[in-house]
Engineer: 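Sharing a structure, written as structure tokens. Questions coming.
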Amino acid sequence: MKVAYFSMEIGLNENIPTYSGGLGILAGDHIKSAADLNIPLVAVTLLYKRGYFIQNINPFGLQEEMYPYFDPRAFMEPLPLKVKVQIEDRDVQVGVWKYNQIGTSGRVPVYFLDTDLPSNAPEDRLITQFLYGGDQHTRISQETVLGIGGYLALKRLEPNITTYHMNEGHAVFLTLALLKDLGGDREKVKSRCVFTTHTPVPAGHDKFSYDLAGKILGEALPSNIRQLAGNDILNTTVLALNLSRAANGVSQLHGEISRQMFPGYEIGSITNGVHHLSWTGPEFKAIYDKYVPDWRSKPEALGDITIIPDSEISEAKRKAKKRLISYINSVSAAGFTDEQLTICFARRAAAYKRATLVFSDLEFLFNLSFDRVQFVFAGKAHPQDQPGKELIREIINIGKQYENKLRMVFVPNYNIWVAGLMTSGADVWLNTPRRPREASGTSGMKVCFNGGVNMSVLDGWWREACLSRVNGWAIGDDEDQSDDMAAAALYQDLDDMVTTYYAKPKQWLGIMRRSISDITPQFNTHRMVQEYFRKYYR
Ligand SMILES: *Cc1c(COP(=O)(O)O)cnc(C)c1O
């Protein structure tokens, strides 16, 4: 058995900017756990030399983007191999870089595909340059390089692939290359592929006109493509569903929503996780190593932490929080302290994430929180997303306008490193998505490994983990809710939370302990990858 895992973005560490958010980080964590567990897997993605941008906030609160050039040579090795992909009747050469530093075994290589070669036409050199920067034309060209180029490269590099795992529909054109190789036998292709869908938002499913698809992919498109990918438009999700032996969403609720969106297909669910060794900060690593040494190979061992004294948990949290606060005070004039309840909100600035919900009733918030709560915000907007940028500006302006009534800071340039700092330092991780838009979410899981607690709408993974007021807080109940209802529930919870933190420290510590012991054993990628292995890979 050998699995080929295809993903449009993979986030391995902060030095390699080939990810933009949740999907890429999840892919990186999936690969790391597969390596730790000795699951035979190889991964394929694109090499973006101008990948994830650096976010700067200008004096007017506007996001500005910088795309420093990423030089892969310090991190990976160019292979003496090129494959040829036809794009718009041109032969595009695709080079391959091999990253071989995951885990200790080096047995899970990641192959990065790169069209930036001197032998290519200038416009083709740019295909893999930017991550999600381009128009439909660039996008389908990138997906052609990933799917078909990736398939052809693996044919040379990794014989005996038994299963192709498409992480999102972006990779679906690999099925077309397989179809060619397997004599057009749809059933045979199906028996080789599995597919994970990652979003319940319809716009998140890539669709291309058949005009464009025909122009770019040419002869790679089979004659029955409309039967496989939809009559009027090429829907990558539909194509993937039709050519996979198994498909899944990334939480139970997301599985349900996906079945409603794509009736007639069997779609299961495997809830996401995080790679525990990557997302536990040094403070909690030290106490787990001391008291639960098995946790490194078996994160489920954290299900019993009775042996860890309260004092060590408080001390580890205090230190991790201090690390966050020192950073904040070094990059801003916020003047935060180590003592106050610190609530973090870090997400891509997209409307459905409702970053400003907590500001719905400012007077209430000022009364409740001043001198008791510090808010830390972070997150990037997509460079072309004006409303997203406006949202960031709004948050920053609220902070400026009410600096005497509200302790709040916006930390620029949310990335793997900032996420590590924030998820280890947070007392509380706030999440207010408009249900059921958050397919899973994973950042809140990182917080649990670091003794923080979640306060979130019952969407995605949190709906499966939360015992409200026992291991965190649920905002509202297990129903879809209006913004007004969500805001009212949020304030009630905030009030309860602030009281518990300051007046009932023992109870707070109990919730921290349950956040670790209830949640981390389940919501990690070791469990997740083993579930993929059992259900879909074998
Ligand atoms: C974990 C992580 C995410 C995913 O977070 P969610 O908002 O929970 O989906 C996104 N970006 C970065 C940098 C992360 O580390």
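Each ligand, and each atom within it, is numbered from 1 in the order the structure gives. Below, each value reflects all heavy atoms present in this structure, side chains not excepted, and no hydrogens, waters or symmetry copies.
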Engineer: Using a plain distance cutoff, I'd like to know if N415 has any nitrogen or oxygen under 3.5 Å from a nitrogen or oxygen of ligand 1.
Structural biologist: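 The answer is no, given that N415 and ligand 1 share no N or O pair closer than 3.5 Å.
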Engineer: Side chains of T196 and N248 only: does a donor on one sit below 3.5 Å from an acceptor on the other?
Structural biologist: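 Yes, a side-chain donor-acceptor pair sits under 3.5 Å.
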Engineer: Write out the residue and atom name of the closest protein heavy atom to atom 9 (O) of ligand 1, then the distance separating them to 0.1 Å.
Structural biologist: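 Answer, as residue, atom name and distance: G441 CA, 3.6 Å.
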Engineer: With a 6.0 Å cut-off on ring centres, are Y537 and H165 close enough?
Structural biologist: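 Judged by ring-centre distance (under 6.0 Å), Y537 and H165 do meet the cut-off.
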Engineer: Any idea which part of W417 is under 4.0 Å from ligand 1, heavy-atom wise: side chain, backbone, both or neither?
Structural biologist: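 Contact part for W417 vs ligand 1: neither.
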Engineer: Could you tell me which non-hydrogen atom of Y414 sits nearest to which non-hydrogen atom of G379, and how far apart they are?
Structural biologist: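 Of all heavy-atom pairs spanning Y414 and G379, the closest is CB-N, 3.7 Å.
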Engineer: Could you tell me if K380 sits above the aromatic ring of Y52, with its cationic atom closer than 6.0 Å to the ring centre and no more than 45 degrees from the axis?
Structural biologist: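 Yes, K380 lies over the aromatic ring of Y52.
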Engineer: Does K98 make a cation-pi contact with F112 (under 6.0 Å, within 45 degrees of the axis)?
Structural biologist: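 The answer is no; the distance or angle limit is not met.
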Engineer: Looking at F345, is R347 sitting on its ring face, NZ or CZ under 6.0 Å from the six-membered ring centre and within 45 degrees of the normal?
Structural biologist: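 Yes, R347 lies over the aromatic ring of F345.
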Engineer: How far does OH of Y532 sit from OG1 of T525, to the nearest 0.5 angstrom?
Structural biologist: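 Y532 atom OH to T525 atom OG1 measures 11.0 Å (nearest 0.5 Å).
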Engineer: Starting from atom 7 (O) of ligand 1, locate the nearest protein heavy atom and write down its residue, its atom name and how far away it is, to 0.1 Å.
Structural biologist: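 In this structure, atom 7 (O) of ligand 1 has R347 NE, 3.1 Å as its nearest protein heavy atom.
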Engineer: Relative to the heavy atoms of T442, which atoms of ligand 1 are at a distance of less than 4.0 Å?
Structural biologist: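 The list of qualifying atoms is 1 (C), 4 (C), 5 (O), 6 (P), 8 (O), 9 (O).
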Engineer: Ligand 1 and S443, any nitrogen or oxygen pair closer than 3.5 angstrom?
Structural biologist: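 It does: an N or O of S443 is found under 3.5 Å from an N or O of ligand 1.
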Engineer: Closest non-hydrogen protein atom to atom 11 (N) of ligand 1, residue and atom name please, with distance?
Structural biologist: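 Ranked first by proximity to atom 11 (N) of ligand 1 is Y414 CE2, 3.6 Å.
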Engineer: Could you identify the single nearest non-hydrogen protein atom to atom 10 (C) of ligand 1 and state the distance to 0.1 Å?
Structural biologist: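 I find the closest protein heavy atom is G22 N, 3.5 Å.
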Engineer: Within the structure, is a non-hydrogen atom of K446 found at a distance of less than 4.0 Å from ligand 1?
Structural biologist: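 Contact present.
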